[in-house]
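The next block holds one structure in the form of structure tokens; read it before the comments.
Remember, it's 1-based here, ligands and their atoms both numbered in the order they're listed. Numbering starts at 1 and runs along the sequence shown.
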Amino acid sequence: MDMKCGLEIHVQLKTDSKLFCDCNTNYQDASANTNICPVCLNQPGAKPYPTNDKALEGALKIALMLDCKIADDITYFMRKHYNYPDLPSGYQRTSVPIGYEGELNGVRIREVHMEEDPGQYKPDLGIVDFNRSGIPLIEIVTEPDMKSPEEARNFLKDLIRVLDYSGNARGEGSMRADVNISLEGGKRAEIKNINSIKGAYRALKFEMVRQKNLIKRGVEVKQETRAFLESQMITVAMRLKEGAEDYRYLLDPDLPPMVIEEDLIKHIKEEMPESPNIKVKRFMAEYGLAEEHAKVLASELALADAFEEVAKVINSEFAALWMRDEVKRVLSYNKLDYSESAFTSENLIELFDMIQKKEITTKAAKKVIETMPISDKKPKIIAEELGLSGIVDESEVISAVEKAIAENPEAIKDYNDGKSNALNYLVGQVMRFTRGKAEPNRTVELLKERL
Ligand code: ZN
Ligand code: MN
């Protein structure tokens, strides 16, 4: 059964002030209803300021990075009507497409437009917090080109990467996606308000199975809007699908049309960062990296930049290996992006240099690197504090090897019976005695000589 899936992704644009007023956009740090004014509260008679230039520029840059054609000269905002406690005006201002007919890794982008974020209704607290009201959003609408939940997940990862590279969007943390999915022989269901990549994947998986079962039993799949309940990982019916006409789109008479000047587009194109795809290709050509490895390093702009800084000083193959394995490993363990971590290219260079000069063992370096994303200390200091700096000399390793053999007759017997785990155990003992400062390969040699 063929599946078709399209996405509508909302992400906040990174600006200091809101889309139609001067209120601050740091809504998460502020106490409820402190970043507000008559405009973003939509009080009667309050007129919006002209559209925030920075938001428009950011949205245009993202549209260009998604290979979109840019709307000719003028663009304007519509009022999209609906009723909800977080939207006192009764309409959301949403622009006509500023970009259209784009493409990202085989998925066609139907359009890109801007919107204002509504407030946050918090039924459990009995309040509406309007700090978020009026924060600029970009909405990216794809064609239904994804054929599995996995494809949708990959696309979202790629898209979040492009948004990260643009420097103008807030990323997965601010994402709200609507997902539509239809199976061959069924109607289209839309699932609203998914706020993570994992959530999108799970919702699609659930919905695919639900629709398959209906079709199998000969029950019609209704065209409807469903809600995703993240806590239970299921979707439930909300309402039968409304058409665009239900929103009663009207031109917003309070806002002057925006002019997209050719000079502005030219300027954005000149300043635009390299896209992730192009960076991957360049890393392959320039540093001789395999595609998979180049992709890991390009997965975050800050990590990619750090790699290039490090590779100016340290052998690029060596740097790539350590950064894609170890740096990535400890970042994901700490659930940090590179940019949020305490890693700096300077500290990485210092550590890699210590490894290459054999001032520290590989094993010890892996311990030091575990502290680096959460500490401002230099790797040399971390190594000293953990008692990991230096490599013990041969005589010390030999006495540790002899001690390990003397203390573990069971393991020796197992080894002689052909159990290879026993050797790993003995290496572990030597590491313990030398506090990880023995070179593992040399330790194995020394053990083997004596067994
Ligand atoms: Zn305001
Ligand atoms: Mn929208």
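When distances from the Mn ion (ligand 2) to the N, O or S atoms of E115 are compared, OE2 comes out shortest. For E139, the N/O/S atom at the shortest distance from the Mn ion (ligand 2) is named OE1.
The SG atom of C40, the Zn ion (ligand 1) and the SG atom of C37 define an angle of 110° (nearest 10 degrees).
Here D178 fails the criterion, with no N, O or S atom under 2.8 Å of the Mn ion (ligand 2).
In this structure, E346 places its CD atom where only 12 or fewer heavy-atom neighbours from other residues, nucleotides or ligands lie under 6.0 Å away.
A cation-pi arrangement, defined by a distance under 6.0 Å to the six-membered ring centre and an angle within 45 degrees of its axis, is present between K80 and Y247. Taking the ring axis of F20 as reference, the NZ or CZ atom of R93 stays within 45° of it and closer than 6.0 Å to the ring centre.
A30 approaches N35 most closely through the heavy-atom pair CB-ND2, 3.7 Å.
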